2 protein chains.
Amino acid sequence: MKATKAVPETDVRLVELVIALFDEFREHANSCMGGFDLSAAHAAALLRLDTPLSQRELADCLKYDASNITGIVDTLEQRGLVERQVDPADRRIRRLVVTGEGSRVLAHLRKCFEEASLVGRLDDDERSQLRVLLTKAVGDRSNTSWAHMLRGRR
Amino acid sequence: MKATKAVPETDVRLVELVIALFDEFREHANSCMGGFDLSAAHAAALLRLDTPLSQRELADCLKYDASNITGIVDTLEQRGLVERQVDPADRRIRRLVVTGEGSRVLAHLRKCFEEASLVGRLDDDERSQLRVLLTKAVGDRSNTSWAHMLRGRR
DNA sequence: TATTGTTATACTCTATAACTATA
DNA sequence: TATAGTTATAGAGTATAACAATA
């Protein structure tokens, strides 16, 4: 029975381990995106466009100012990965839809991401334990995605 | 005994959990640095100067081009947190030493970092298990530090 | 009037290249 | 000649503000 538990001080080593794992994955992700000649912003946008969004919605969920979306979508459109479709019900809105080519790139990109050897050093049991512990540690922070990781944010 | 283990595919959920934890800590770190009016680069430099370094050495271990160090150190020096001392043995070299005020800020900054509630949701046993699992998952990636986290890198 | 998207602009972060002062 | 540091500059990435089209 430990006595000093009033303020649960952070285990510094745990933080460092999480940073190390994250960093390993970030390097892997950078290498994936580089392979498709996509910047982090472009990859993040593409990953979010699995379901079509207006530019405004995309800006909101990537936490970009709306003014940045124009250029990002310009590039994706020039490369034939995404199409702007004017919403017939409200002609201010451009609905962004991934093209056939965009879908192919997206699938490859996702696959590359998933090949991270991030936890390849653990066996099935250990990974299962780890998932339980991390889920508890993370608490109610559920709004996470890979696109989320691709930005320095703030 | 599972059969499909040839290529240990990444557990996507595990990656997302690591991202979520990292992101929580990054937000906390940003808030700490903001409290001291330090940018990520300034905070990272200060954290590295626990032991004195030349500007070149600081650039190397922060993985900055040397040209960036000048401005960063300028600011830290103007704020009285760091001093440039000409190395008497080689007058090209500026040895960077943290001032008394710099030490105080550094201590507060570290303390703020350590107050992350990152794993406050786990009890001692769970944290111990988590540390074992993460250590194994991380493998030989040992060169991690908080300064490391403060950069988008690449 | 309010909202979507665009443009122009500015600021931060980081790298490259040319320079200086030492060695 | 080579190295430590500085300066000037350029390129990303992102934000703010003003604007046009539409609601």
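Small disclaimer: the values here were computed from a predicted structure and weren't measured. Throughout, protein chains are lettered first and strands after them, A, B, ... in sequence-line order, and every chain is numbered starting at 1.
- Counting non-hydrogen atoms under 4.0 angstrom, B:R95 reaches nothing in the nucleic acid.
- Stem analysis of DNA chain D (at least three stacked-register Watson-Crick or G-U pairs, each with both distances under 3.5 Å) gives C:1-23 with D:1-23.
- Put simply, CG on B:L38 is 16 Å from C1' on C:dT12, counting in whole angstrom units.
- Contacts between residues 49-61 of chain A and DNA chain C, counted as heavy-atom distances below 4.0 Å, involve A:S54, A:Q55, A:R56.
- Qualifying side-chain contact (heavy atoms from CB on, under 4.5 Å) partners for A:R84, counting only residues two or more places apart in sequence or in other chains: A:Q55, A:T70, A:V73, A:D74, A:E77, A:R94, A:L96.
- B:S31 pairs by the side-chain contact (heavy atoms from CB on, under 4.5 Å) definition with nothing, not counting sequence neighbours.
- The side-chain contact (heavy atoms from CB on, under 4.5 Å) test applied to B:S128 returns B:R131, not counting sequence neighbours.
- Within the structure, ring pair (Phe, Tyr, Trp, His ring centres under 6.0 Å) pairs that include any residue of residues 28-57 of chain A do not occur (at least two apart or interchain).
- Contact check for B:L21 versus A:F22: no side-chain heavy atoms found under the 4.5 Å cut-off.
- Remark: B:S103 engages no residue in a side-chain hydrogen bond (donor to acceptor under 3.5 Å, both in side chains) (not counting sequence neighbours).
- Rounded to whole Å, the distance from CD1 on B:I69 to P on D:dT7 is 14 Å.
- In this structure, CG of B:D74 is placed 12 Å from P of D:dA8, rounded to the nearest angstrom.
- Under a hydrophobic-cluster definition in which Ile, Leu, Val, Met, Phe, Trp and Tyr are linked whenever side-chain heavy atoms come within less than 4.5 Å, directly or via other members, A:V18 and B:V132 are assigned to different clusters.
- Between the CD1 atom of A:I93 and the P atom of C:dA2 there is a distance of 18 Å, given to the nearest Å.
- Counting only residues at least two apart or in different chains, disulfide (SG to SG under 2.5 Å) contacts with residues 35-73 of chain B are absent.
- Atom pair A:R84:CZ and C:dT4:P shows a separation of 16 Å (rounding to whole Å applied).
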I need a per-nucleotide contact map over nucleotides 15-23 of chain D, read 5' to 3'. Cutoff is protein heavy atoms under 4.0 Å; write B for the base, S for backbone only, - otherwise.
BBB---BBS
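- If you measure from atom CD of A:Q85 to atom P of C:dG5, you get 13 Å, rounded to the nearest angstrom.
- Evaluation of the side-chain contact (heavy atoms from CB on, under 4.5 Å) rule for B:E83 yields B:Q85, B:V97, B:T99 as partners, not counting sequence neighbours.
- With sequence neighbours excluded, no residue forms a side-chain hydrogen bond (donor to acceptor under 3.5 Å, both in side chains) with B:R79.
- Regarding A:L62, its CG atom lies at a distance of 14 Å from the C1' atom of D:dG13, rounded to whole Å.
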Hey, can you pull the donor-acceptor pairs under 3.5 Å for the side chains in residues 105-113 of chain B, sequence neighbours left out?
residue, atom, partner, partner atom, Å
B:H108, ND1, B:R104, O, 3.2
B:R110, NH2, B:D50, OD2, 2.6

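- Rounded to whole angstrom, the span from the CD1 atom of B:I72 across to the P atom of D:dG5 amounts to 13 Å.
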